[in-house]
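What follows is a short report on a single structure.
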Amino acid sequence: MTGESVLCRGLAERRAIVTGAGSGIGRACAALLARHGTAVAVADLREDAIDGVVGEITADGGRAIGLTCDVGDEESVAGAVTKAAAEFGGLDTVVAAAGIARPCCTTDLTLAEWDTIIRVNLTGVFLTLKHTLGRLAAAGGGTVVTIGSVASLVAAGSAASYDASKGGVLQLTRAVATECADRNVRANCVCPGLVKTSLARNSERLYGPLSSRNDPPFTRVRRPVERPADPAEIAAVVAFLCSDAASYMTGAAVPVDGGYTAI
């Protein structure tokens with residue numbers, strides 16, 4: 001058995017929903033879980049992106065369905081979860097990866113812009129967990145991995161709304177971990193640093209430009225590993241946390257940040 005197989009044992013025949021799976025970290029997570037035999041519901045707001053991911057997974061011999069889902073809308077989330085559970089006969093794995101980035105100084109941020117990032121990044125995770133936790137418990141247990149950020153742990157720059165949303169994701173994950181431990185449901189939060197994705201571009205495409213064009217730097221902290229992560233490097237940690245190899249891990253904040261939070 002290879003090292004990767006050992007660290008990802010138990011993923012075969014799992015049934016997962018991955019939000020934000022149309023690109024970036026979510027896409028990498030969906031692809032890696034499918035590669036290990038997990039049936040994956042690819043949930044995203046962008047239909048064209050969903051089709052591309054589902055096509056790649058099925059071409060690689062995996063099982064996937066596509067679901068259009070706005071994580072900030074409860075009816076949309078509930079519908080997507082219901083469809084995924086019906087298609088797979090239940091759910092036991094959840095990766096809440098949907099998120100946007102809107103760097104802006106506190107005094108320049110409008111209330112509408114604040115509401116948008118909280119709606120997607122934090123309320124979206126809450127709604128995803130609200131509508132999946134019961135199904136995980138009904139399956140005899142399961143795993144939840146949320147995608148936080150180094151901003152869940154430290155201030156990441158002039159991005160108060162982003163920092164607040166990701167700090168909330170971590171605390172929500174910890175709350176769920178303690179709440180659901182007696183139902184054999186584990187919940188952990190992966191906290192990436194800088195990752196090579198199109199997050200900022202996708203955020204602007206979906207929600208428009210910020211009212212303030214004085215865009216601040218998203219981070220000012222040096223990383224000992226002076227390169228951005230590839231999404232696959234984050235997905236590898238997510239897959240481990242979803243697997244039986246991480247069976248005693250719950251409520252953890254796991255930085256995958258090139259040393260960002262070490263200094």
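The first residue in the sequence is number 1, and the count goes up from there. Values reported hereafter were calculated over all heavy atoms of this structure, with side chains retained and with hydrogens, waters and symmetry mates removed. What you see is a predicted model; the values in this text were computed from it and never measured.
- For Glu233 and Lys196, the salt-bridge test fails: no basic side-chain N is under 4.0 Å from an acidic carboxylate O.
- Of all non-hydrogen atoms in Asp44 and Ala21, the two that sit nearest each other are OD2-N, 3.5 Å.
- Separating the CG atom in Leu111 from the OG1 atom in Thr116 is a distance of 9.5 Å, to the nearest 0.5 Å.
- By the 4.5 Å heavy-atom criterion applied to side chains, Asp257 and Cys191 are not counted as neighbours.
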Exercise for the section: Take Asp70 and Arg119, measure what side chain to side chain contact (heavy atoms under 4.5 Å, CB included) needs, and give me the verdict at the end. Expected result: CA-CA 10 Å; Asp70 177 355; Arg119 174 182 176 272; 2.6 Å; yes
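- Side chains of Thr146 and Thr173: a donor on one and an acceptor on the other come within 3.5 Å.
- Between Ser243 and His36, every side-chain heavy-atom pair lies at or beyond the 4.5 Å cut-off.
- The two residues Leu67 and Lys83 come nearest to each other via the heavy atoms CD2-CB, 3.8 Å.
- A distance-only check finds no donor-acceptor pair linking the side chain of Asn121 to the backbone of Lys166 [under 3.5 Å].
- Between atom OG1 of residue Thr250 and atom CG of residue Leu241 there is a gap of 10.0 Å, rounded to the nearest 0.5 Å.
- Using a distance-only test at 3.5 Å, with no hydrogens or angles considered, a donor-acceptor pair links the side chain of Thr58 to the main chain of Gly55.
- The minimum heavy-atom distance linking Glu74 with Lys130 is given by the pair OE2-NZ, 2.6 Å.
- For the salt bridge (Lys or Arg N to Asp or Glu O under 4.0 Å) criterion with Asp244, the lone passing option out of Arg14, Arg9, Arg186 is Arg14.
- Here the closest non-hydrogen pair linking Thr38 and Ala16 is CG2-CB, 3.6 Å.
- The closest side-chain heavy-atom distance from Ile117 to Ile100 is below 4.5 Å.
- With rounding to the nearest 0.5 angstrom, the CG atom of Leu127 is 9.5 Å from the OG atom of Ser76.
- Note that CG of Leu170 and CG of Leu153 are 6.0 Å apart. Values are rounded to the nearest 0.5 Å.
- From Leu136, atom CG reaches atom CZ of Arg15 across 9.0 Å, with rounding to the nearest 0.5 Å.
- To the nearest 0.5 angstrom, Tyr260 atom OH is 7.5 Å from Ser149 atom OG.
- The number of heavy-atom neighbours closer than 6.0 Å to CD of Glu179, taken from other residues, nucleotides and ligands shown, is above 12.
- For the pair Val53 and Gly22, the tightest heavy-atom approach, listed with the atom from each and the gap, is CG2-O, 3.8 Å.
- Within the 4.5 Å cutoff, the side chain of Val95 has no heavy atoms near those of the Ile25 side chain.
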Exercise for the section: Please lay out, stage by stage, how Val42 and Val18 fare under the test side chain to side chain contact (heavy atoms under 4.5 Å, CB included). Expected result: CA-CA 6 Å; Val42 175; Val18 181; over 6 Å; no
Exercise for the section: Could you go through the side chain to side chain contact (heavy atoms under 4.5 Å, CB included) check for Ile65 and Phe88 one step at a time? Expected result: CA-CA 10 Å; Ile65 62 169; Phe88 298 151; 3.9 Å; yes
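- In terms of modelled atom types and a separation under 3.5 Å, the side chain of Thr19 and the main chain of Ala98 share a donor-acceptor contact.
- Of all heavy-atom pairs between Ile17 and Ala84, the closest is CD1-CB, 4.5 Å.
- When atom types are taken as modelled, the side chain of Asn188 and the backbone of Met249 share a donor-acceptor pair closer than 3.5 angstrom.
- In terms of modelled atom types and a separation under 3.5 Å, the side chain of Asp230 and the main chain of Ala232 share a donor-acceptor contact.
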